[in-house]
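First the structure, in the form of structure tokens, and then the observations on it.
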Amino acid sequence: MQYINDDMSVIGIGTDIVNINRIDRVYALFSNHFVYKILHKTEINYLFSIDKKHTSNTLAKHFCVKESVMKCLGTGWRKGVRFKDISLSRLPSGEPIVQLYGVALSIANSKNISKILVTISDEEPYVISYAIAIG
């Protein structure tokens, strides 16, 4: 279990909920254009390696996490943060981890954010995510 040291504090929190069916409709309409617009290159490689029947669920998870991370950074869609600036992956244990790039990383550094913790849960037709920025 990971504990936050006494000299660390919560800098921001964010949450989001996504309807998987909505993501499925957007993906059906825009196909890979949607994928390349929201996913970092490392996430694209993962998406194309999984069974196609899990595509919409996986896209919904990534979309949801990115929204919750934007909120915990305190920016939302403002200040130039893009979906591609946030990458979701998993440790071998299955724990989700987030890596920041570009504007999102600059904002995190300016706020002395050292780590963003995320959790994801899904129950058809929804995905929910929470993000906590600590520093």
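Numbers here are sequence positions counted from 1.
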*To the nearest 0.5 Å, tell me how far Tyr126 OH sits from Ile20 CD1.*
10.0 Å

*Same cluster for Ile97 and Ile13 if Ile/Leu/Val/Met/Phe/Trp/Tyr side chains link at under 4.5 Å?*
no

*Hey, does Val18 have a side-chain heavy atom less than 4.5 Å from the side chain of Glu67?*
no

_With side-chain contact (heavy atoms from CB on, under 4.5 Å) as the criterion, how do Val69 and Leu100 come out once you've worked through the C-alpha distance, each side chain's angles and the decisive distance to 0.1 Å?_
CA-CA 10 Å; Val69 169; Leu100 303 179; 4.0 Å; yes

*Would you give the length of the straight line joining atom CG of Leu59 to atom SG of Cys64, rounded to the nearest 0.5 angstrom?*
12.5 Å

*Tell me whether Ile128 is reachable from Val118 by hopping between hydrophobic residues (I, L, V, M, F, W, Y) whose side-chain heavy atoms are closer than 4.5 Å.*
no

_From CA spacing to verdict: side-chain contact (heavy atoms from CB on, under 4.5 Å), Val35, Asn32_ = CA-CA 5 Å; Val35 170; Asn32 287 345; 4.1 Å; yes

_Same cluster (ILVMFWY, side-chain, under 4.5 Å), Leu91 and Leu117_ = no

*Rounded to the nearest 0.5 Å, how far apart are NE2 of His62 and OG of Ser89?*
8.5 Å

*Roughly how far apart are Lys61 NZ and Ser121 OG, rounded to 0.5 Å?*
8.5 Å

*Is Ile17 reachable from Ile23 through a run of hydrophobic residues whose side-chain heavy atoms are each under 4.5 Å from the next?*
no

*Nearest heavy atoms of Gly14 and Lys71, plus distance in Å*: CA-CB, 3.8 Å

*Could you tell me which non-hydrogen atom of Ile86 sits nearest to which non-hydrogen atom of Glu43, and how far apart they are?*
O-OE1, 3.6 Å

*Look only at the side chain of Asn45 and the backbone of Thr42, and say whether a donor-acceptor pair between them is shorter than 3.5 Å.*
no

*Backbone N or O of Leu73 within a donor-acceptor pair of the Lys111 side chain at under 3.5 Å?*
yes

*Decide whether Leu39 and Tyr46 are clustered together by the hydrophobic rule: side chain heavy atoms of Ile, Leu, Val, Met, Phe, Trp, Tyr closer than 4.5 Å, transitively.*
yes

*Taking only residues two or more places apart in sequence, or in another chain, which ones meet Phe83 in a ring-ring contact (aromatic ring centres under 6.0 Å, His included)?*
Phe63, Trp77

*Any side-chain heavy atom of Lys66 sitting closer than 4.5 Å to one from Leu88?*
no

*Can any side-chain N or O of Lys84 pair as donor or acceptor with the backbone N or O of Tyr36 at less than 3.5 Å?*
yes

_Thr15 side chain vs Ser68 backbone, donor-acceptor pair below 3.5 Å_ = no

_Atom OH of Tyr101 with >12 non-hydrogen neighbours under 6.0 angstrom_ = yes

*How many angstroms lie between CD1 in Ile44 and CD1 in Ile38, if you round to the nearest 0.5 Å?*
9.0 Å

*asked:* As an exercise, state the distance from CD1 of Ile113 to CD1 of Ile11, rounded to the nearest 0.5 Å.
replied: 5.0 Å

